[in-house]
J.: 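Have a look at the structure that comes next, please.
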Amino acid sequence: MNRNIAVCIILSILTCGIYGIYWMYTLNQYAAYSCPQEWNTDGLVVILLNIITCGIYGIYWNYKMGKAYSRINGGNDNSLLFVLLSIFGLSIVNWAIMQNDINTSLRRY
């Protein structure tokens, strides 16, 4: 699950967001596995709801990921930051922060 953030961002841009959808799925699955008390929705359901609601569900998902990843790392609660960035269309920044949290937590173990 340890990924190079720059490569993920470049792949998301080069594939016109298709890799970004996969990246979102993997971030969701990690949160569901690592912090089931905070988040346990399947990644495919998240992607489907995000498409059906034209991204509105994505704002909620970013909020919940901020909560889940703060529990995973025991660090800062980034939920408000994630909501603001997703409202302004910068969800890829949220994903980069989440991936950084994953990479950091994996280095500890």
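One-based numbering along the sequence shown.
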J.: With rounding to the nearest 0.5 angstrom, report the OH to OG distance, Y69 to S34.
T.: 7.0 Å
J.: Could you work out the complete set of other residues in the hydrophobic cluster of L84, with links drawn between I, L, V, M, F, W and Y side chains under 4.5 Å apart?
T.: L80
J.: Do S12 and W23 make a side-chain contact, defined as non-hydrogen atoms from C-beta onward lying under 4.5 Å apart?
T.: yes
J.: Can you list the residues that meet the salt bridge (Lys or Arg N to Asp or Glu O under 4.0 Å) rule with D77, with sequence neighbours excluded?
T.: K67
J.: Which atom pair, heavy atoms only, marks the closest approach of Y30 to S105?
T.: OH-OG, 3.2 Å
J.: Taking side chain as C-beta onward, heavy atoms only, is L85 less than 4.5 Å from N62?
T.: no
J.: If only atom types and distance count, is the side chain of S86 paired as donor or acceptor with the main-chain N or O of V83 below 3.5 Å?
T.: yes
J.: Mind checking the CG-CZ spacing from L27 to R3? Nearest 0.5 Å is all I need.
T.: 7.5 Å
J.: So L81 and V93, do their side chains get closer than 4.5 Å, heavy atoms only?
T.: no
J.: Do D42 side-chain atoms and L44 backbone N/O form a donor-acceptor pair below 3.5 Å?
T.: yes
J.: For N2 and I102, indicate whether the former's side chain and the latter's backbone hold a donor-acceptor pair under 3.5 Å.
T.: no
J.: Answer with yes or no whether the hydrophobic clustering places L11 together with I97; edges join I, L, V, M, F, W, Y residues whose side-chain heavy atoms lie under 4.5 Å apart.
T.: yes
J.: If you look at every heavy atom in I9 and A96, which pair is closest and at what distance?
T.: CD1-CB, 4.2 Å
J.: Return the CG to CE distance between N78 and M98, rounded to the nearest 0.5 Å.
T.: 9.0 Å
J.: When the side chains of residues 45-61 are checked against the rest of the protein, which donor-acceptor pairs come out under 3.5 Å, sequence neighbours left out?
T.:
unit_1 : atom_1 : unit_2 : atom_2 : d
N50    : OD1    : G58    : N      : 3.1
T53    : OG1    : L49    : O      : 2.8
T53    : OG1    : Y57    : N      : 3.0
W61    : NE1    : N28    : OD1    : 2.8

J.: Is it true that, when you exclude N76 itself, more than 12 heavy atoms of the residues, nucleotides or ligands shown sit nearer than 6.0 Å to its CG?
T.: no
J.: Is there a path of hydrophobic side-chain contacts, each under 4.5 Å between heavy atoms of I/L/V/M/F/W/Y residues, joining I10 to W95?
T.: no
